[in-house]
Every structure is written in C-alpha cells, then in structure tokens.
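Letters go in sequence order (proteins before strands), and every chain restarts at 1.
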Number of protein chains: 4
Amino acid sequence: MEKKNVPSLVKDQQLIHKRREQIIKGAVRLFIEKGFHRTTTREIAKESGFSIGTLYEYIGKKEDVLYLVCDAIYDEVTERLKKQLHTTGPALQRLKEAIRAYFLVIDSMQEEVLVMYQETKSLPKETLPYVLKKETEMVDMMEEILADCKKENVLNLSEKEMKLVTHNILVAGQMWTFRRWALRRHFTLEEYIDMQIKQLIST
Amino acid sequence: MEKKNVPSLVKDQQLIHKRREQIIKGAVRLFIEKGFHRTTTREIAKESGFSIGTLYEYIGKKEDVLYLVCDAIYDEVTERLKKQLHTTGPALQRLKEAIRAYFLVIDSMQEEVLVMYQETKSLPKETLPYVLKKETEMVDMMEEILADCKKENVLNLSEKEMKLVTHNILVAGQMWTFRRWALRRHFTLEEYIDMQIKQLIST
Amino acid sequence: MEKKNVPSLVKDQQLIHKRREQIIKGAVRLFIEKGFHRTTTREIAKESGFSIGTLYEYIGKKEDVLYLVCDAIYDEVTERLKKQLHTTGPALQRLKEAIRAYFLVIDSMQEEVLVMYQETKSLPKETLPYVLKKETEMVDMMEEILADCKKENVLNLSEKEMKLVTHNILVAGQMWTFRRWALRRHFTLEEYIDMQIKQLIST
Amino acid sequence: MEKKNVPSLVKDQQLIHKRREQIIKGAVRLFIEKGFHRTTTREIAKESGFSIGTLYEYIGKKEDVLYLVCDAIYDEVTERLKKQLHTTGPALQRLKEAIRAYFLVIDSMQEEVLVMYQETKSLPKETLPYVLKKETEMVDMMEEILADCKKENVLNLSEKEMKLVTHNILVAGQMWTFRRWALRRHFTLEEYIDMQIKQLIST
DNA sequence: TATGAATGAGTATTCATTCAT
DNA sequence: CATGAATGAATACTCATTCAT
C-alpha cells in the first residue's frame, strides 16, 4: 500500500492532498486527449486551476504527474472493484461476479485505463515498481477467489493454471479498452462479458 | 496490402526502398532503447548511417518514421508466421501449430512487438487505419483456421465465439511481451504456449 | 558612517537589528559557498532561521541582502583592525604594526573578504557609494599613519606617493585572498606579511 | 597552451572559429554592460548576430561562453604584451618597459580585464585550471625578466622576493581597473605607471 | 509580526524541420 | 542526391516577490 513519495515544497498535508487531486483530475483529461508527452506542464497547471509555479509546489518534475495519475487510476479501479465483491456465497458465483464487476469497472473507466497502460513506459524509473505492485495486488485478489473455487471443487486447476487464468482475466478486461476499435464492432459489453466468462472458466 | 504513402523528395524507387530499410533498422534499435518520443531525428539519421538532411529526403516528418517502423514490424511478424503455417492436415492441429508459431514469432521479436504496441498512439492519424488493417489481416488469418476447425466439427463455436477466441489468441501473444515482468516469473515460453493453447481451445 | 536605508515593514528597530544580524550570518555562509547569484532567497531565509515571508519583512529585495552583507563585512574588518591599532609610539612602527594587523584580519576573514570583492558589482546601484565610502575610510586610516611617518621624517614621500602606497597596502591585503591559489604555494602568511611590508615601505 | 575543448555540433573547424569569434565579441560587450549572470543566452545569440539555436551549435552551455570570453581576453592581453616586449638591451630597462607595456595594455582593455577578473568564479569548474594556467604564464614572463635583472646584478632580490614582486606587478595592473573609481581621482595613467614602477623596483 | 502558499515572468536548452551549397 | 548549418518555436523548470491569513 506504500506510495512513492513525490516531493512537495508545501507543508500542509491536507492541502497537498487537495491540490494533487486537482492536478490528477486535470492531467487525466489532458493525457486522455493528447497523451503524456504532448501535454505541457503549463497545460496541466492551467487545467488544474492554478499557475505553473503552484504546480511545481506540489510535484518535483513532470513525470511525477504521470505517477500520480497512474497511481490514482489504479486506486480507483481497485476500490470500485472491491466495493462490488461479495464475500459470501458459492465461490464460482463469486468468481463470475468478480469478473463481471471488473469488466464493468474497466468499461466505466475506459479512457483512464487506456492512459495508464499506454504511458506506463514513461513512468519515472523509481516508481515503476510501485505501479506494478498494484497490478500484483489485483492479481492476488482474483487468484484468491479462484483458490476458493478450487477448495470448493468447482474448478479443477493446477497452481500454474490458476496463475494463467488470473492473468487472462485481467488482460481480457484491459483488452476491452485497447482493442475496442475491433471489439466494439462485434460485441456489446454484456456479450463480451458473458462470452469471456464462459471462455475463461470453461465449465 | 496498400501502404500509406510516405512522401519523399527522391524519385528513384529502389533507392527509396533501400534508404528506408536503413532508417527502419536504425530507428527500431533506438525506439526499443528509449522510445519514440525520446529519440531525436538526428539520432535516427546517425544510426541510419546518413545525415539529417538525407533523412528528410525520405520522410516528411518524424512520425513517418514511426509508421515505417510499425509497418515493417507487422510485416515481419506476418511474414514469419506465414512461413510456419501449414496448409494441409487436420484443422485442429493446424490451429494449434499456428498458435504455437505465432507465440514463437512474438517471442523472437519481443522488443519490436513491444515498441509497436506501445507507440501506436503516436502514429500519424492518417496512418492508424493502415496499421489497424494489418492487425485485422492477422485476425482474419487466425479466424480462417478456426473456421476450418468448425467445418471439420472439431470445434463447436458460434461465429461470435470464433471472433472472440481469435482476439484472445492474438492478445495472449502480445501479453507475453507486455506482461513479461510477471509471466516470466511463473512460466517458461513452452509452458506458456502449451497452457494457453489448452485454455484457448478448451477441447 | 551613514548607512543606506534598507526598507523594512517592521517598526521595532531593535528587532530589525536582530533579524538582520541573523540574515547576514546566514547569507554570508551561503554566499561563501555558492556566490550571490546561485543563492536563493528561500535558502537565505531558511539559513537565517525564519520563513521567506519574514525575510521580506526586513529587506526590500534580494540585493539588499548583499548590501547588508558587504556592509557588515567592511564594518567587521574595520572594527577588528581599529582594535589592533596603537595610537602611541614611533609612527613607522605603528605603520608596520598596522599593516601586519590589517593582513592578519584579512587572513582571518578570508572567505568573507573574498565574497565582498567578488560580488561588489552586483550591489544595488544606489548602495555602491556607501560601500566605496567605507573603503575610503580605510584608506584614510592608513594614510593618516603614513602622514605621521612623514611628520616624523622617517618616510620621505610626496602626497601622491603616499596615496599610492596606501592603495598598495590595501590591495596587498586583498590580494592575499584573491590570489591565494598562487601565493599559498610560495609563502606562509608571516613570510608574506614581512616581505610585503619590506616592499611597501622601502626603508 | 592547450585549451579546454568546448563541444560543438558543427564539424567545420574554420566555421567554428569564426562563429566563436562572433560569440566572444558579442558576449564581451554584454558582460561588460551587465555581467555574466544578468546576460541571457538569447541576448548573446542576438548580439552575436544569429539565432539562439545557432548559438547552441557552437557551445554546450552558457558557461562555455564565459570560458571562451575569459580565454580570449587573456590571449589578447598576452599577445599584445608580447608584441611590446624587447628581447635585447639592459634587463632593468626591459623590465621597466615591460611593466609600462603591461599597464598600457590593461588600460586599453580595461573593461575586458574587469570582466575577466570579476566573473572568474562563475567559470565552469573544469575550465578554471586552464584559465589559471594562463595567469601563471604571465607570471612566468615577468619573472623571467626579473631573473635577467638579477643576473645582471641590477636587482638584488631573493627568489621569494622575485616571486612576490612579480605578483605585485600583475596586481598593480589589475588594480588600475578595479580600483579606478579611486585611482583616477588622483593619478593619470602615466603618473600611475611611473610611480608604481618606482615603488615596485625600489632602485 | 510571522508564515508559507501562490504567482508568473523569466531562462537555459532542445529539436524538428528547412534550405543553400 | 547528399550534406549539415541555421532556425526559432517550444518546453520544463526556477525563483524573486507578494499577500491573505
């Protein structure tokens, strides 16, 4: 749960939090529109509602904004998903619902998720581990439910197979964003979800 | 098979071809190393073996290089794959071999494939359709084999399901490159191939 | 003895004096380390022990700090020197002791003196005369002793020659700081002092 | 005689030489007027007669301009001085003429010399030794003549004394520039020269 | 009085692109 | 056709200064 420490010249932690939310909100919009590299720091400042000088009171360098953005998107995806997860009931049903919930969250945050995946390579080197760790956490969440399925004997998968299915689930979700140009032509979201669930859990 | 027309000041088509191969070769190396945005035209020219002036005799703008590169990588993936494809024999076996061949090609061109997918969003707007079309061609190739399987009654999939499986196959291949940080920890390439084939064609 | 009036928003003169001493102390350290231009007002404030806002309660602009610093250094040099000066005894001996004392003071305040000479050109235009006046006062001090020597007939110099020798004395002192990279290689301070005295007063 | 290698993107050595002369000429004027720190690279480019982009084809960073300038001034001082030096005749006379020539050169290049001494501390770290070396060369030149005087028994100085006198001579020259605010009030250049010669060589 | 967040003009430097040779 | 010098718009980042609290 640790986060990379992004340097700030401002002391007031609450203010930092507030301003960074503004920054993230403004930057996401811009990154969606034109990508990280084509967005200038001045644009980020303006979109955030303050001056360039103020922007740099809350970050150390432009790349920090990208980290804040990716981190925030991940947090939101995870958080929204967690809210939808059931903790009781048959494991297989919980799994299917988890996948559905995950896909729905992704769909509702399409643009953001796309940004996150496309700009990951531009993240400051030191922060990449922090972001990948978040991915790992999601993997773990899914894997846990799959493990429950195994315990309940409704899914007969080896450890490795479970690992693979988990990755396939996550990728199928992301795929809905980065291949939408092709998928949208053939499937509605509901169709896509149903079919992928069927494919992924071939029961 | 049509390609976007990248403007050149030079008339001699053969020369154009030769120089552009140099450009592509040089640029790929650089894009792999530092990404499109962080690579300068000067570096591309130098790595290609000629001056910045000459570079601009063969392209209109920097983005054109990216198009040439992506286009070339796609061509090579497709070409290499085609060479491996059997045209006779049981469809199901051909399918499995196609998937295996595809994954092997991707693995052997990891870095290039990564560049291609990561920089897609930076492609000149007009060229995006040309690149997506290539993707579509690959989809079609795979789908055709899947169709054969259906004809031979070894695979019981609806039209839509076939479409989905095809996309899943392609994405599973790409996934081997852009999620290698996680996958490599758990699977060898051979394991990955075998397990994905099993997963994708749950027969 | 007049000083340039550096504007302050604060009324309490005692407080002004106290705070400015803090400023000078902090700034000198920084100027020695990195020079005036490379030192930021924030750093000065921090080193002085208070906030940037407070700093600007006691100065009008950054350059004022430089004036305060130069002024303070001059004052200290003068003050320390005065403490060492004898007012009785043979003039020639008093002269030699004055030169020695001056060189010793300079040596003990090397860094400060260096700052003063190197940054003089960055002083606010209006304050330059005030600083030069201090120099003049030192010149006068030395000249007075030289005049005594003349009165006592131990030194046979014209008015002009006296002026020149005075300047040479002062410069020889400063020289010990700004040419130390060369002088230190050849002379100890004591040697330097003895030889310069001999040179300057060729008696 | 070696010079620090200032990086250039341009190949043609002659062109580099020509452009750098333009840069030096333009920069000197500006540095005299407002100092190194207050001069912007754009101003330097404009004054040099070309664009900011072109400026950076011939230097690596702003500080390089300062090095070029200081180096050029030293070269010119040395060169002009050398032209004036006699190599035959009585050593003492040659010494006096050398001092006179040196002071005249300094006087004719007052502003440049001032810049050189005032901005030395802003020189790029790596280049400082190169500049100090030039100073040392001048010291050596003077010392040689002094040595000749000793050989001819017209000057009775120890080795150390010779070193000191040499430095005193050089500093007396510089002093004419950086203390002119005081010296001009009392001496004409000719007076200053004559009196300093007398003072320095107390014969 | 003291604080420190906000400001935005200012600055060095880069780099895609052009064009004369 | 090839070269590489010239260009200048663009950009990340800094920092003196202000002002509301």
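Heavy atoms of other residues, nucleotides or ligands lying less than 6.0 angstrom from NZ of A/K4 number more than 12. When the shell of 6.0 Å around NZ of C/K34 is examined, it contains more than 12 heavy atoms from other residues, nucleotides or ligands.
Here A/L9 lies in heavy-atom contact (under 4.0 Å) with sugar-phosphate atoms only. Within the 4.0 angstrom heavy-atom criterion, base atoms lie near D/S51. Counting non-hydrogen atoms under 4.0 angstrom, A/L15 reaches the backbone sugars and phosphates but no base. Nucleic acid contact for C/K11: sugar-phosphate only, since backbone atoms but no base atoms lie under 4.0 Å from a heavy atom of the residue. Residue-level contact check: B/T39 touches the backbone only, with heavy atoms under 4.0 Å from sugar-phosphate atoms and none from bases.
In this entry the distance linking CZ of C/F36 with P of F/dC15 reads 13 Å, nearest Å. We find that CD of D/E57 is positioned 12 Å from C1' of F/dG8, with the value rounded to whole Å. At whole-Å resolution of the value, CG in A/D12 and P in F/dT21 are 14 Å apart. As rounded to whole Å, 14 Å separates atom C1' of E/dG10 from atom NE2 of C/H37. Distance CG (B/L30) to C1' (E/dC15): 15 Å, rounded to an integer number of Å. For the pair C/L55 CG and E/dT1 P, the computed distance is 16 Å after rounding to whole Å.
For F/dT3, the OP1/OP2 oxygens have a side-chain nitrogen or oxygen of B/T54 closer than 4.0 Å. Taking side-chain N and O atoms only, C/R19 has a distance below 4.0 Å to OP1 or OP2 of E/dA2. Between B/Y58 and F/dA2 there is a side-chain polar atom (N or O) within less than 4.0 angstrom of OP1 or OP2. Between F/dT17 and C/Y56, a contact under 4.0 Å exists linking OP1 or OP2 to a side-chain N or O. In this model, the phosphate group of E/dC15 is not approached by any side-chain N or O of B/T41 to a distance below 4.0 Å at OP1 or OP2. Remark: A/T40 is not in phosphate contact with F/dT11, judged by side-chain N or O atoms under 4.0 Å from OP1 or OP2.
Ranked by how close their nearest DNA chain F nucleotide is to the 5' end, C/I59 and A/I59 are led by A/I59. Where B/K62 and C/G49 each meet DNA chain E at their nearest nucleotide, the meeting point lying more 5' is that of C/G49.
With E/dT13, F/dA6, F/dT3 as the candidates, the nucleotide lying closest to the side chain of D/K61 is E/dT13. Listed nucleotides E/dT1, F/dT17, F/dT14 differ in distance to A/I52; the shortest reach to its side chain belongs to F/dT14.
The aromatic rings of C/H37 and D/H37 lie parallel to each other, with less than 30° between the two planes, well short of the 60° mark. Between D/Y117 and D/Y74, the angle of the ring planes goes over 60°, which puts this pair in the perpendicular group of the 30/60° scheme.
The residues C/E63 and D/R38 are annotated as salt-bridged, a charged nitrogen and a carboxylate oxygen being separated by less than 4.0 angstrom.
The partner of E/dA9 is F/dT14, judged by Watson-Crick or G-U wobble contacts that both fall below 3.5 Å. For E/dA20, the paired nucleotide is F/dT3, the pair qualifying as Watson-Crick or G-U wobble because both relevant distances are below 3.5 Å.
Geometric assessment of C/K61 against the ring of C/Y67 yields a negative cation-pi assignment under the 6.0 Å and 45° thresholds.
Side-chain atoms of D/R42 come within donor-acceptor range of the base of E/dT13, with a qualifying N/O pair under 3.5 Å. Side-chain atoms of D/R38 stay outside donor-acceptor range of the base of E/dG10, with no qualifying N/O pair under 3.5 Å.
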